[in-house]
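None of the values given here were measured: they were computed from a predicted structure. Just so it is clear, the values below take in all heavy atoms, side chains as well, and ignore hydrogens, waters and symmetry mates.
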Amino acid sequence: NTLCFVFKKINGLDLDSYKEVLYNSELLNCNLTFVVVNEAQEKLPVNNSPYYVCKAKLIGNGIPTQDVQIETIRQSLNDFTLKNIALNIYAKLGGTAWTIEKEDKLKEELVIGIGSTVVENNQFVLGIAQVFHNDGSYLTGDCSPLSSFSSYAKNLEDHLFKTLKPHLENMKKSETFRLIFHLFKSASKEYEIKAINGLKERLVGYKFEFALVHLAYGHNFRIFNNDGKNEINQGTYIQLSKNTALLHFVKNSDLPLKIDLDKRSTFTSLFYLAKQVYWFSHLSHRSYMPSKRTVTIMYPSLMAKMTEELKKVEDWDFERLKAVSEKLWFI
């Protein structure tokens with residue numbers, strides 16, 4: 001395929017100058033738009049920010065954006081920065097740069113990540129049900145609905161049912177599939193368990209097992225090798241109890257990830273789950289460096305944060321995110 005580029009110049013750095021070219025017909029026929037901004041614009045309110053307004057309006061037309069600061073361009077881009085930008089672009093166009101090399105799986109398995117962000121009034125907003133295939137390929141970016149805790153259980157159940165239904169149509173009812181939840185918090189009877197029980201009632205005839213896995217750094221455990229003199233091998237796994245383990249994958253850090261498997265889970269192989277968490281930390285499309293968090297937690301958190309910001313843009317319709325739901329528009 002031939003790459004075509006359309007260049008549009010703006011007359012100033014104010015928002016009106018960006019808006020003059022924002023709805024140009026040539027621009028709206030593009031698959032992705034680069035928006036050049038500057039560092040000073042970071043301090044502007046969302047509704048007056050070229051970064052957010054351009055992102056919101058273009059996403060509304062099904063076009064993801066790659067924003068680049070002019071200061072970054074002028075600093076003579078190094079190979080590392082260029083590669084990361086190229087990786088971002090590939091993901092936003094719908095590409096999957098890499099997946100996990102897995103041994104043969106016994107069951108159909110989906111990994112569901114639930115993350116959160118904190119908005120201005122210190123309220124939690126949850127990004128619900130980022131769904132990944134067990135090899136790490138990204139199945140859906142639909143973060144709708146964002147949820148408060150009051151509506152979380154019902155929204156999670158509805159979203160899982162909607163997402164799973166097309167996949168189950170190709171499965172025999174005699175088969176058992178597996179759902180693995182990566183959670184930013186401990187599982188609760190009134191939230192995740194309630195959603196799972198509701199899902200069981202709606203999926204009559206289908207059988208599934210599940211694991212509720214809490215992934216967190218908020219703990220007092222530290223890992224040292226030879227009194228701190230030697231580096232810790234990435235992937236170091238220490239099981240503390242039947243349902244709790246520590247996992248190290250961040251270089252030059254003594255703070256491991258704590259993995260807690262909820263005792264109500266029906267799939268209980270902690271070592272299998274820890275291996276999966278480790279490989280998912282290598283799947284970020286933001287950078288070639290392994291992430292400190294698995295994408296299953298990071299992606300919904302980023303999506304929730306970005307969506308909450310975009311909602312502040314005047315006349316922006318949240319429903320328009322569906323136009324880019326299969327792309328990593330938020331990274």
K92 side-chain N/O to T65 backbone N/O, donor-acceptor pair under 3.5 Å: yes
Side chain N226, main chain G228, donor-acceptor under 3.5 Å: no
Residue from N88, V36, V35 passing side-chain contact (heavy atoms from CB on, under 4.5 Å) with D67: V35
From CA spacing to verdict: side chain to side chain donor-acceptor pair (under 3.5 Å), E42, Y51: CA-CA 8 Å; E42 288 183 0; Y51 171 81; over 6 Å; no
Test item: T266 side-chain N/O and E209 main-chain N/O as donor-acceptor pair under 3.5 Å: no
Steps toward side-chain contact (heavy atoms from CB on, under 4.5 Å) verdict (D315, K57): CA-CA 9 Å; D315 298 326; K57 300 300 183 182; 4.0 Å; yes
Where L15 and P50 come nearest, the two heavy atoms and their spacing: CD1-CA, 3.9 Å
Heavy-atom closest contact (G235 atom, L247 atom, distance): O-CD1, 4.0 Å
Point-to-point distance, once rounded to the nearest 0.5 Å, from CG of N243 to NE2 of H214: 14.0 Å
Y206 and K200, any side-chain heavy atoms less than 4.5 Å apart: no
Shortest non-hydrogen contact from S265 toward T268: O-CG2, 3.6 Å
Face-on cation placement of R178 at Y272 ring, 6.0 Å and 45° thresholds: yes
pair Q66-T33: side-chain heavy atoms closer than 4.5 Å: no
Contacts of type salt bridge (Lys or Arg N to Asp or Glu O under 4.0 Å), residue R264, not counting sequence neighbours: D262
ring-ring contact (aromatic ring centres under 6.0 Å, His included) evaluation trace for Y237 with F271: CA-CA 8 Å; Y237 171 82; F271 184 61; 5.2 Å; yes
Hydrophobic cluster identity match, I223 and Y217, side-chain contacts under 4.5 Å: no
Residue pair F161 / L199, side-chain heavy-atom distance below 4.5 Å: yes
Close side-chain approach of N197 to I193, heavy-atom, < 4.5 Å: yes
Side chain S241, main chain T244, donor-acceptor under 3.5 Å: yes
Cluster link L203 to F210, ILVMFWY, side chain under 4.5 Å: yes
Non-hydrogen side-chain atoms of T236 and Q234 separated by less than 4.5 Å: no
Any side-chain donor near an acceptor of the partner, N11 and S17, under 3.5 Å: no
Close side-chain approach of L110 to L164, heavy-atom, < 4.5 Å: yes
Gap separating the OG atom of S253 from the CD atom of E231, nearest 0.5 angstrom: 11.5 Å
Rounded distance (nearest 0.5 Å) linking atom CG of L87 with atom CG of L82: 12.5 Å
Validation row: L246, L257 side chains within 4.5 angstrom (heavy atoms): no
Least distance between heavy atoms, E314 atom then N47 atom: N-OD1, 2.7 Å
Validation row: K154, K194 side chains within 4.5 angstrom (heavy atoms): no
Spacing of CD1 belonging to I10 relative to CG belonging to D16, to within rounding of 0.5 Å: 11.5 Å
Cluster link V21 to I59, ILVMFWY, side chain under 4.5 Å: yes
Aromatic plane relationship, H219 with F221 - under 30° parallel, 30 to 60° tilted, over 60° perpendicular: tilted
Between Y152 and E192: side-chain donor-acceptor atoms closer than 3.5 Å: yes
Contacts of E20 that satisfy salt bridge (Lys or Arg N to Asp or Glu O under 4.0 Å) - sequence neighbours left out: none
Path from Y191 to I196 over hydrophobic side-chain contacts below 4.5 Å: yes
SB check E308 K311 (cutoff 4.0 Å): yes
Interatomic distance, T307 atom OG1 to K312 atom NZ [nearest 0.5 angstrom]: 12.0 Å
SB check E157 K162 (cutoff 4.0 Å): no
Atom NZ of K305 with >12 non-hydrogen neighbours under 6.0 angstrom: no
Verdict with reasoning, L160 to I112, per side-chain contact (heavy atoms from CB on, under 4.5 Å): CA-CA 9 Å; L160 288 172; I112 300 139; 3.7 Å; yes
Shared hydrophobic cluster, L28 / V313 (ILVMFWY, side-chain heavy atoms < 4.5 Å): yes
Gap separating the CG atom of L179 from the CZ atom of F208, nearest 0.5 angstrom: 5.5 Å
side-chain contact (heavy atoms from CB on, under 4.5 Å) assessment of L261 paired with L212: CA-CA 6 Å; L261 174 63; L212 294 160; 5.7 Å; no
Basic-acidic side-chain contact under 4.0 Å: D14, K19: no
Heavy-atom pair of closest approach, residues L22 and L58: CD1-CG, 3.9 Å
Minimum-distance pair of heavy atoms, taken over all atoms of Y52 and L310: O-CD2, 3.7 Å
Full working for side-chain contact (heavy atoms from CB on, under 4.5 Å) between Q276 and E109: CA-CA 12 Å; Q276 187 179 71; E109 180 179 280; 2.8 Å; yes
Side chain to side chain donor-acceptor pair (under 3.5 Å) between Q69 and Q41, intermediate numbers included: CA-CA 10 Å; Q69 288 188 353; Q41 291 169 343; over 6 Å; no
